[in-house]
Amino acid sequence: MTKSPTMSPPDAARALLNVLLPMAAGGAIARRPRVMGVAQRLDLDSRAVREMQRLRDRYGAGPVQVLPGRGMALVLDPGDVHRVLNGSPQPFSPASREKRGALGHFQPEGVLVSSPEERTHRRPFNEQVLQAGRPVHDHGEHMAAVVTEEVEALLGHVDVAGELTWDSFSRAWWRIVRRVVLGDSARDDEQVTDDLLRLRKDANWSYLKPRRTARTRRFLRRVREYVDRAEPGSLAEMTATTPARPGTEPHQQVPQWLFAADAGAWASFRALALLSTMPGAAARARAELDRLPDLPYLRASVLESLRLWPTTPLILRDTTEDTEWARGTLAAGSSVVIFAPFFHRDDRHVPEAHRFAPELWSRERTDEDWPLVPFSGGPAMCPGRNVVLLLASTVLGRLLAEREYVVEGGALDPDGPVPGSLSPFALRFRTGR
Ligand code: HEM
């Protein structure tokens, strides 16, 4: 039985330095805006993709282990991406050691960190409440009304301030998210999402920070109160009314929905930058606004934002048994890593790698296609994909319906390649009517 290849020590050092460490430094669970600013200035994301191309030239189809033993193995082959994602939860378990360490800070019973047995009921519960397979959720009308109100309030603020900044955008976004997930009365409950943010910062340190703190208990108690309150039109209502087996822990599924919504804010704000910069894009988006809530071009623009700058750059799986690959065997208990930016931005295989190409998303992508996996794939694919695409496209639609936007500071060039990094925290827009 040949063992899967392991990198030479210099290659391992380069992979750690150029690919894995910058991801950890940027904050896996709560982003560190300052580090992301530095990463953008140094163009670290492009460097990481080039490093992965070099590793594939060197090690072929892989996967290649970074260090000897049961360490991390990087996936290098597009077919292997589909294989790993389709093979969840066994032999490729989403509840990796890293995720259990990190997410244990605020959702120890969440589906993502569940055993295969718990997953058999927690995953369907999430799919049912989030209505994973439906482009427009049953609460779509309520969601659209919330978005309309909050974008109106945001634009009132923008008119006074004279520009649209990350701070004002994210404040409005979180009001929307709290209302949609927890209920209208949570609109101004910043404590619940501030507590979550603090816990996510702890989660960046995984096992190195103490868990089950007073803050964890306060946060989960508050979430449970909203579920018990079950305000009409909220996901909390559906959480309370959807049948659950013992051990599903319905209220512990909610933190993931709140936490993951942050990625929706980054993706939307970056999408606004793309739409306001790329020739003809804003006009095309405005032309479909009478079709609300069905906004295919805006959805595709959000997906493009997520392809160009994936918000889950590292998709992690732990192997539950020995697995065979083109170049050899990986032992049970190995960590398998899909570095999404490599597949999304590999200009040797994706002609659109560095340009805004919403047409890539004009149909559902299949396992025959090159892997573009901003929401992962297979049985553990993000069940909130449609909810977040609905919210993001509606927010963008409402913003574009009311104003013109110009990105300040030349962050994007309409004629040049799309940069490898774009920190949403530093984006600012001049607005006009
Ligand atoms: C742009 C925003 C989002 C992106 C890019 C995103 C992406 C992802 C990815 C990549 C995963 C898989 C992680 C893995 O395999 O380890 C995932 C899982 C998940 N996401 Fe999202 N997500 C987003 C927003 C949301 C929202 C808003 C919700 C809920 C309303 C949500 C609910 C979930 C849940 C419950 C899981 C766990 C699925 C499982 O373990 O079976 N996500 N998401």
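Counting convention: from 1, in listed order, for ligands and their atoms alike. Bear in mind that the values here come from a model prediction, so they are computed numbers and not experimental data. Count residues from 1 along the sequence.
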Q.
Please list all pairs meeting salt bridge (Lys or Arg N to Asp or Glu O under 4.0 Å) that have one or both residues in residues 329-345, counting only residues at least two apart or in different chains.
A. none
Q) What is the closest protein heavy atom to atom 12 (C) of ligand 1, and at what distance does it sit? A) S376 CB, 3.6 Å
Q: State the atoms of ligand 1, each with its element, that fall below the 4.0 Å cut-off from a heavy-atom position in R123.
A: 38 (C), 39 (C), 41 (O)
Q. Where the closest heavy atom to atom 28 (C) of ligand 1 is concerned, which of G384, S268, P124 has it?
A. G384
Q: Around atom 27 (C) of ligand 1, find the nearest protein heavy atom and jot down its residue, atom name and distance.
A: V388 CB, 3.8 Å
Q) With only distance considered, is R119 within less than 3.5 Å of ligand 1 through an N or O on each side? A) yes
Q: Kindly check if the number of other-residue, nucleotide or ligand heavy atoms within 6.0 Å of CZ (R365) is above 12?
A: yes
Q: Check side-chain contact (heavy atoms from CB on, under 4.5 Å) between P371 and all other residues, then give those that pass, not counting sequence neighbours.
A: P78, V81, H82, F343, V373
Q) Would D262 and R31 pass as an ion pair if we require N to O under 4.0 Å? A) no
(Q) Taking 4.0 Å as the limit for heavy-atom contacts, which would you say applies to L235 with ligand 1: side chain only, backbone only, both, or neither? (A) neither
**Q.** Nearest neighbour in protein (non-hydrogen) for atom 13 (C) of ligand 1
**A.** L112 CD1, 4.2 Å
Q: Ignoring hydrogens, just give me the one of S88, A260, P255 whose non-hydrogen atom is nearest atom 25 (C) of ligand 1.
A: A260
**Q.** Other residues, nucleotides, ligands: >12 heavy atoms within 6.0 Å of R284 CZ
**A.** no
Q) Pick from V254, L235, D189, T239: which one makes a side chain to side chain contact (heavy atoms under 4.5 Å, CB included) with Y226? A) D189
Q | Test log, rule salt bridge (Lys or Arg N to Asp or Glu O under 4.0 Å), inputs E109 and R122 | A | CA-CA 9 Å; E109 309 296 335; R122 288 181 184 166; 3.0 Å; yes
Q. Should the proximity of L130 to ligand 1, defined as any heavy atom under 4.0 Å, be assigned to the side chain, the backbone, both, or neither?
A. side chain
Q) Applying a 4.0 Å heavy-atom criterion (strictly less than), which segment of P374 is in contact with ligand 1: side chain, backbone, both, or neither? A) backbone
Q | Residue pair R428 / L164, side-chain heavy-atom distance below 4.5 Å | A | no
Q: With rounding to the nearest 0.5 Å, note down the distance linking OG1 in T120 to CD in E118.
A: 8.5 Å
Q) P94: heavy atom below 4.0 Å from ligand 1, yes or no? A) no
Q: Identify the protein heavy atom lying closest to atom 4 (C) of ligand 1, giving its residue, its atom name and the separation to 0.1 Å.
A: F375 CE2, 3.3 Å
Q.
For atom 37 (C) of ligand 1, what is the closest protein heavy atom, and at what distance to 0.1 Å?
A. V111 CG1, 3.7 Å
Q: Give the residue and atom name of whichever protein heavy atom lies nearest to atom 34 (C) of ligand 1, and the separation in Å to one decimal.
A: P383 CD, 3.3 Å
**Q.** Distance-only N or O hit between ligand 1 and K99, under 3.5 Å
**A.** yes
Q. Mind checking whether T311 has an N or O less than 3.5 Å away from an N or O of ligand 1?
A. no
Q: Only one of P94, P91, S93, S96 passes side chain to side chain contact (heavy atoms under 4.5 Å, CB included) with R317; say which it is.
A: P94
(Q) As a check for students: among S305, P379, G264, A265, identify the option with a heavy atom nearest to atom 2 (C) of ligand 1. (A) G264
Q: Could you check whether the rings of W173 and F169 sit parallel, tilted or perpendicular, using 30° and 60° as the cut-offs?
A: parallel
Q: Sort out for me which residue in T394, D294, N386 forms a side-chain hydrogen bond (donor to acceptor under 3.5 Å, both in side chains) with R299.
A: N386
Q) How about R355: does its CZ atom have over 12 heavy atoms from other parts shown lying under 6.0 Å from it? A) yes
Q) Charged N to carboxylate O under 4.0 angstrom, D184 versus R229? A) no
Q.
Under 4.0 Å, counting heavy atoms only: does Q253 come that close to any atom of ligand 1?
A. no
Q) Where's the contact between I315 and ligand 1, heavy-atom distance under 4.0 Å: side chain, backbone, both or neither? A) side chain
Q) Which protein non-hydrogen atom lies closest to atom 35 (C) of ligand 1, naming both residue and atom, and how far is it? A) N126 OD1, 3.3 Å
Q. Any non-hydrogen atom of R317 lying under 4.0 Å from ligand 1?
A. yes
Q | Closest approach of any protein heavy atom to atom 8 (C) of ligand 1, naming residue and atom | A | C382 CB, 3.5 Å
Q.
Checking the N or O distance criterion of under 3.5 Å, is ligand 1 in contact with T312?
A. no
